[in-house]
Protein chains: 2
Amino acid sequence: MLIKKNVKRLLLYRLCLVKFREMGFKRVYSYNLGHEAGVSAEQIRKDFSHFKITGNKKGGYDIESVLEKLNYIFRKNELQKVIIVGMGNIGRALSHYECGFTVRRQYIVAGFDIDPVKIKKTYNVPVYDMRSMDEYIRTNNIQVAIMAVPSISAQEVCTILVDAGIKGIMNFSPVLLQVPENVIVNNINLCDELEIVIYTAVNSNSINEAMIDNLTRD
Amino acid sequence: MLIKKNVKRLLLYRLCLVKFREMGFKRVYSYNLGHEAGVSAEQIRKDFSHFKITGNKKGGYDIESVLEKLNYIFRKNELQKVIIVGMGNIGRALSHYECGFTVRRQYIVAGFDIDPVKIKKTYNVPVYDMRSMDEYIRTNNIQVAIMAVPSISAQEVCTILVDAGIKGIMNFSPVLLQVPENVIVNNINLCDELEIVIYTAVNSNSINEAMIDNLTRD
DNA sequence: ATTATAATGTTCAAAAAATCACATTAAATA
DNA sequence: TATTTAATGTGATTTTTTGAACATTATAAT
Ligand SMILES: NC(=O)c1ccc[n+]([C@@H]2O[C@H](COP(=O)([O-])OP(=O)(O)OC[C@H]3O[C@@H](n4cnc5c(N)ncnc54)[C@H](O)[C@@H]3O)[C@@H](O)[C@H]2O)c1
Ligand SMILES: NC(=O)c1ccc[n+]([C@@H]2O[C@H](COP(=O)([O-])OP(=O)(O)OC[C@H]3O[C@@H](n4cnc5c(N)ncnc54)[C@H](O)[C@@H]3O)[C@@H](O)[C@H]2O)c1
């Protein structure tokens with residue numbers, strides 16, 4: 001069985017491979033790729049091996065063909081339709097990133113909002129009323145949604161999405177959504193991500209043991 | 001030594017604890033917290049134990065006091081000043097989230113941009129010219145920056161930040177930044193995060209082995 | 001054509017993380 | 001007060017992940 005960590009690394013490798021390709025390289029060794037991605041060469045070979053991505057015993061990996069296989073694994077031959085719910089700060093920022101998603105064959109096909117002011121104001125993607133979302137999802141067979149609504153509405157919106165048949169949610173609210181077993185939620189907690197930076201930077205990359213000891217004294 | 005995974009879980013626990021507190025609870029058992037956070041009760045106790053967060057042999061954990069200790073660990077008693085570089089889609093979205101950061105004592109104190117149109121247009125946070133950034137960082141002793149500039153400028157901006165003394169960077173560009181050992185980079189790759197959702201949702205949470213087998217045949 | 005080389009791919013070992021099991025102990029109860 | 005109960009906290013065990021070692025093989029050199 002495959003775990004997320006593994007997949008995340010594959011996506012990281014792709015990023016590096018694209019960079020190498022842009023630099024004009026045709027082939028790459030596990031060592032080069034590992035150095036760029038910040039993982040060991042063995043890890044690269046292990047991951048590739050697991051996904052049946054093969055190289056050449058002496059010449060390393062052909063960048064183009066690895067990228068092709070990665071695209072195949074990530075179903076890049078298919079059109080990946082995604083909707084955004086909540087066209088506020090985050091929702092709008094994402095909708096303006098069209099080209100960034102497009103190169104990865106991720107198509108933001110529609111936005112939905114409860115606020116009349118935001119509806120149909122033509123951004124890069126059309127924005128519709130929440131009441132039409134259920135039908136839209138069903139008729140267009142949408143499987144994945146980005147949620148960027150206020151935290152207070154998150155669970156409510158989530159339930160609507162799940163009932164309509166959504167199978168994967170990228171959630172920006174700092175709320176742990178209740179979903180059925182078969183629905184995937186990827187929580188993006190930007191405050192947490194910032195906090196980790198602050199914490200790690202300030203503690204110079206390791207826990208301040210003295211500080212923890214202090215905790216025991218009060 | 002402490003690893004990010006551990007810290008990330010602590011932040012997750014805090015999210016749950018805040019929720020429980022809002023619901024009126026005063027105490028919580030490792031079992032409850034684990035259920036909410038989606039980890040085992042033992043994991044909770046191990047993590048807490050590692051950070052010297054203690055509970056009560058029969059009565060579980062006092063929510064308020066655990067939150068206090070978490071705040072202490074994450075230095076919530078200190079003011080955490082952060083700057084944003086690049087006031088485009090993402091940068092502006094973050095700058096409008098002021099209150100969200102404020103409750104976590106993360107203060108977005110300033111934005112910086114190269115585009116005259118975006119400078120000093122008073123958003124929630126003041127936006128200055130890039131040329132004044134180095135001085136601002138030094139005089140205000142800023143340690144952490146959010147980077148939301150186009151990918152093409154990412155490394156260039158990163159170098160300026162590092163030279164000015166920045167110790168932690170939250171980076172939204174799909175670019176692996178070259179930084180010295182002592183500088184922390186947290187890469188937020190929203191396309192990757194979306195891709196993981198798509199991948200996992202479409203493959204119903206596990207790798208499609210038949211698909212991988214196909215890979216070996218071409 | 002043969003040999004040397006240098007990379008992959010896989011097996012085996014070590015390290016890390018998660019889970020289990022249980023001893024400990026605070027609270028409730030009789 | 002003594003006993004039972006129910007939770008924590010931690011040492012032992014298992015599982016997962018990572019790293020090292022090496023056998024394999026495509027390419028280059030002789
Ligand atoms: N903006 C940020 O930088 C940021 C950072 C971290 C986390 N977040 C989180 O992301 C989420 C969105 O943040 P934001 O700043 O974009 O918020 P926002 O208020 O700017 O936008 C929310 C949008 O959702 C719409 N909405 C409200 N209720 C709705 C409903 N029931 N159905 C459909 N649409 C609804 C609103 O009309 C609005 O357009 C929040 O949970 C926030 O905590 C945001
Ligand atoms: N917008 C999204 O939803 C999204 C999603 C995923 C990734 N990203 C990534 O995040 C980054 C920012 O995206 P965005 O959509 O906010 O871009 P944007 O173009 O809207 O904003 C970039 C801002 O940076 C400024 N800038 C350009 N060069 C600069 C420099 N050298 N110094 C300082 N400022 C400079 C520009 O003036 C602009 O205001 C990009 O790397 C993008 O790939 C964005």
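Letters A, B, ... are given to chains in the order of the sequence lines, protein chains preceding strands, and every chain is numbered from 1. Keep in mind that what you see is a predicted model, and the values were worked out from it rather than measured.
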- Task: Respond yes when some side-chain nitrogen or oxygen of Ser40(B) is under 4.0 Å from OP1 or OP2 of dA18(C), and no when none is.
- Result: no

- Message: If you count every heavy atom of other residues, nucleotides or ligands that lies below 6.0 Å from Leu79(A) atom CG, does the total exceed 12?
- Response: yes

- Mind checking Gly55(B) for me? I need base, sugar-phosphate or nothing, with any heavy atom below 4.0 Å counting as a touch. sugar-phosphate

- Describe the nucleic acid contact of Phe48(B) in one word from base, sugar-phosphate, nothing, applying a heavy-atom distance below 4.0 Å. nothing

- Can you tell me how far C1' of dG11(D) sits from NE2 of His50(B), to the nearest Å? 16 Å

- Message: Quick test of your reading of the model: are Glu64(B) and Lys26(B) salt-bridged, counting only N-O distances below 4.0 Å?
- Response: no

- Nucleotide nearest Lys46(B) (side chain, heavy atoms from C-beta), chosen from dT18(D), dG11(D), dT8(C): dG11(D)

- Message: From C-beta outward on Lys57(B), which listed nucleotide comes closest to its side chain: dC22(D), dG19(D), dA7(D)?
- Response: dA7(D)

- Counting heavy atoms not belonging to Tyr136(B), are there more than 12 under 6.0 Å from its OH? yes

- Query: Under 4.0 angstrom, heavy atoms only, what part of the nucleic acid is Arg9(B) near: base, sugar-phosphate, or nothing?
  - Reply: sugar-phosphate

- Item | Tyr31(A) OH - dA6(C) P separation (whole Å) | 15 Å

- Query: Contact class for Glu42(B) (heavy atom, under 4.0 Å): base, sugar-phosphate, or nothing?
  - Reply: base

- Would you mind telling me which of Gln106(A), Lys8(A), Arg105(A) makes a side-chain hydrogen bond (donor to acceptor under 3.5 Å, both in side chains) with Glu195(B)? Gln106(A)

- Ignoring hydrogens and angles, answer whether the base of dT27(D) and the side-chain atoms of Lys58(A) contain a donor-acceptor pair closer than 3.5 Å. yes

- Message: In this structure, how many angstroms lie between the P atom of dT8(C) and the CG atom of Asp62(A), rounded?
- Response: 13 Å

- How is Tyr61(A) classified with respect to the nucleic acid when contacts are heavy atoms under 4.0 Å: base, sugar-phosphate, or nothing? sugar-phosphate

- Query: Does the side chain of Arg45(A) get closer than 4.0 angstrom to OP1 or OP2 of dG9(C) through an N or O atom?
  - Reply: no

- Asp47(A) and Tyr13(A) side chains, donor-acceptor separation under 3.5 Å: yes

- Message: Using whole Å, what does the distance between atom P of nucleotide dG9(D) and atom OH of Tyr29(B) come to?
- Response: 13 Å

- Item | Value in whole Å for how far the P atom of dT8(D) lies from CG of Leu33(B) | 10 Å

- Given that Gln43(A) and Asn56(A) both sit by DNA chain D, which one's nearest nucleotide is further toward the 5' end? Gln43(A)

- Item | Lys52(A) NZ to dT8(C) P, straight-line distance once rounded to whole Å | 19 Å

- Task: Provide, to the nearest angstrom, the distance between the CD1 atom belonging to Ile44(A) and the P atom belonging to dG19(D).
- Result: 11 Å

- Message: Pair Tyr107(B), Phe101(B) - check ring pair (Phe, Tyr, Trp, His ring centres under 6.0 Å), show working.
- Response: CA-CA 7 Å; Tyr107(B) 290 91; Phe101(B) 290 117; over 10 Å; no

- Can you tell me the distance, in whole Å, between the CG atom of Asp47(B) and the C1' atom of dT10(D)? 14 Å

- Task: Between Gly60(B) and Val39(A), name the one whose nearest nucleotide on DNA chain D is closer to the 5' end.
- Result: Gly60(B)

- Message: Measuring to OP1 and OP2 of dG9(D), would you say a side-chain N or O of Ser49(B) lies under 4.0 angstrom away?
- Response: no

